[in-house]
Protein chains: 2
Amino acid sequence: MIWSQSGKTREIDLQVRTLAHPGRSELRLDAVLSALSDPVRRQIVSQLADVPGEQACSAFQLPVSKSTSTHHFRVLREAGVIEQHYRGTAILNSLRAADLEAQFPGLLRAVLQAAIKEASATATAARPQAGQLNAEV
Amino acid sequence: MIWSQSGKTREIDLQVRTLAHPGRSELRLDAVLSALSDPVRRQIVSQLADVPGEQACSAFQLPVSKSTSTHHFRVLREAGVIEQHYRGTAILNSLRAADLEAQFPGLLRAVLQAAIKEASATATAARPQAGQLNAEV
DNA sequence: ATCATTGTACGATAAAACTCGTACTACGAA
DNA sequence: TTCGTAGTACGAGTTTTATCGTACAATGAT
């Protein structure tokens, strides 16, 4: 199918850009654990668990460059930890909590809780109290 | 202290060889997850969970060389996942299930169950039924 | 049309991880 | 004392990973 626009013909590169995701049954423990062993990626996952709703990549204050962020989001997506889809120029991210729970029961919750614990242990006496695990697992 | 033996004096290199372990409160999520993301190491951990009692390194049929095995056991020990101590020329290994449970509740169990699930999914129709998680967590 | 915003693609680099073989140490047994 | 067993130390090779900067593409707003 060809779309004519202002005198020039264009292929349907107008179609929505899609991103590949592994199916629920294709999740690999190897990939998931590797994905979760990086602190930057755990920060992403923790924020996705804490804040309800989808969040754009730009909503994350990561301690790395933009291209490195892209890399980490891709690793999470290809491992099946997060779901990504375009909305305009932005990409909305969400946790695949249900899929993870189906394949690896208790894993995500355990990691999230452990991350909270370490975070509060590291930032000792910074704030009174915080982080109660808000994930909809 | 000097020990005299058959005419020659020797320093107390006779003292039991010790291996360094992180304390319970020193366990790092980063290190634990990294340790558990390698399939060879998960095989070790799974066997330690399945078989009761301590097991020597030589009791494991790993798909790597002897020196590589040493490497993997050390990674697990330094991450605090296993405890190792000498007994004669052998090293006895055991899971630090209680310490892991104290620091990262539910994590070890979730990983072990996930490993069992993947193993049975991979070796489909090999044996009728097996692997019910025998860890004393 | 032009422009700003979001994020990717593509190298490049540096560090970490997994692997091995060989030589070695420590211990127990013969 | 000699020997075999269990595991380590060390150096090296290969692969993966994390990181960055720059150039680019896609979209929505002006």
Side-chain angles (χ1 to χ4, degrees), chain A residues 3 5-8 10-20 28 30-44 54-79 82-93, chain B residues 3 5-8 10-20 28 30-44 54-79 82-93:
Chain A
W3 289 49
Q5 179 180 322
S6 63
K8 302 162 79 173
R10 295 171 61 189
E11 285 284 345
I12 41 172
D13 49 14
L14 299 177
Q15 83 185 22
V16 178
R17 289 175 287 178
T18 54
L19 297 162
R28 291 279 155 266
D30 228 35
V32 171
L33 287 179
S34 294
L36 295 177
S37 33
D38 183 275
V40 176
R41 292 194 290 262
R42 273 204 306 280
Q43 181 180 336
I44 294 173
E54 302 173 310
Q55 297 169 73
C57 298
S58 56
F60 296 78
Q61 309 279 322
L62 303 177
V64 293
S65 74
K66 203 168 56 161
S67 47
T68 300
S69 292
T70 293
H71 161 70
H72 286 305
F73 277 102
R74 181 173 47 229
V75 170
L76 286 171
R77 171 171 51 80
E78 292 180 344
I82 67 174
E83 191 272 347
Q84 300 191 290
H85 60 93
Y86 275 96
R87 174 159 169 181
T89 101
I91 286 183
L92 296 183
N93 302 275
Chain B
W3 288 48
Q5 180 179 322
S6 65
K8 301 161 80 173
R10 294 171 60 189
E11 284 285 344
I12 41 173
D13 49 14
L14 298 177
Q15 84 185 22
V16 178
R17 288 176 288 178
T18 54
L19 298 162
R28 291 279 155 267
D30 228 38
V32 171
L33 286 179
S34 294
L36 295 177
S37 32
D38 183 276
V40 175
R41 291 195 290 264
R42 273 204 307 280
Q43 180 179 335
I44 294 173
E54 302 173 310
Q55 296 169 74
C57 298
S58 55
F60 296 78
Q61 310 279 322
L62 303 177
V64 292
S65 74
K66 201 167 58 160
S67 47
T68 299
S69 292
T70 294
H71 162 69
H72 286 304
F73 277 102
R74 182 171 47 230
V75 170
L76 286 171
R77 170 170 51 81
E78 292 179 346
I82 67 174
E83 192 270 348
Q84 300 191 291
H85 61 93
Y86 275 97
R87 175 157 167 182
T89 102
I91 285 184
L92 295 183
N93 301 275

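Predicted model, so just to flag it, every value in this text is computed and none were measured. Letters go in sequence order (proteins before strands), and every chain restarts at 1.
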Next item on the list: Remember a base hit wins even if backbone is also touched, and classify A/S58 as base, sugar-phosphate or nothing at under 4.0 Å, heavy atoms.
Entry: sugar-phosphate

Note: A/V40 and A/P63 closest approach over all heavy atoms is CG2-CG, 4.4 Å

*Using a 4.0 Å heavy-atom cut-off across all strands, classify B/R41 as base, sugar-phosphate, or nothing.*
sugar-phosphate

*asked:* With a cut-off of less than 4.0 Å, is there a side-chain N or O of B/T70 near OP1 or OP2 of D/dG7?
replied: no

Here the distance between atom C1' of C/dT6 and atom CG of A/L62, to the nearest Å, is 14 Å

Side-chain heavy atoms of B/T68 within contact of B/F73, under 4.5 Å: no

Tightest non-hydrogen contact, residues B/A35 and B/R41, listed as O-NE, 2.8 Å

Quiz item: Within the structure, does a side-chain N or O atom of A/R87 lie under 4.0 Å from either OP1 or OP2 of C/dT6?
Solution: no

Atom CD of B/Q43 and atom C1' of C/dC18 are separated, to the nearest Å, by 15 Å

Rounded to whole Å, CZ of B/R74 lies from P of C/dC18 at a distance of 12 Å

Whole-Å distance, B/L33 CG to D/dT17 C1', equals 16 Å

Practice problem: Describe the nucleic acid contact of A/H72 in one word from base, sugar-phosphate, nothing, applying a heavy-atom distance below 4.0 Å. | Solution: sugar-phosphate

Under 4.0 Å between a side-chain N/O of B/T68 and OP1 or OP2 of C/dT19, yes or no? no

Just to confirm, is there a sub-4.0 Å distance from OP1 or OP2 of D/dT8 to any side-chain nitrogen or oxygen of B/R17? no

Taken to the nearest whole Å, CD/B/E78 to P/D/dT8 is 11 Å

Any side-chain heavy atom of B/H72 sitting closer than 4.5 Å to one from B/I44? yes

When B/D38 and A/L92 are each assigned the nearest nucleotide of DNA chain C, the 5'-most assignment goes to A/L92

note: B/H71, atom NE2; D/dA6, atom P; distance rounded to Å ~ 22 Å

The residue, A/G88 or A/S34, whose nearest nucleotide of DNA chain D is more 5′ is A/S34

Test side-chain hydrogen bond (donor to acceptor under 3.5 Å, both in side chains), reference B/N93, set B/Q84, B/R77, B/Q55, B/E83, output is B/Q84

Using a 4.0 Å heavy-atom cut-off, does A/Y86 contact any base of the nucleic acid, only the sugar-phosphate backbone, or nothing at all? sugar-phosphate

From the candidates C/dG7, D/dG21, D/dA9, the one with an atom nearest any side-chain atom of B/S67 is D/dA9

To the nearest angstrom, the CD1-C1' distance between B/I91 and C/dT25 comes to 12 Å

Next on the checklist: Measuring to OP1 and OP2 of D/dA25, would you say a side-chain N or O of A/T89 lies under 4.0 angstrom away?
Outcome noted: no

Taken to the nearest whole Å, NZ/B/K66 to C1'/C/dC20 is 13 Å

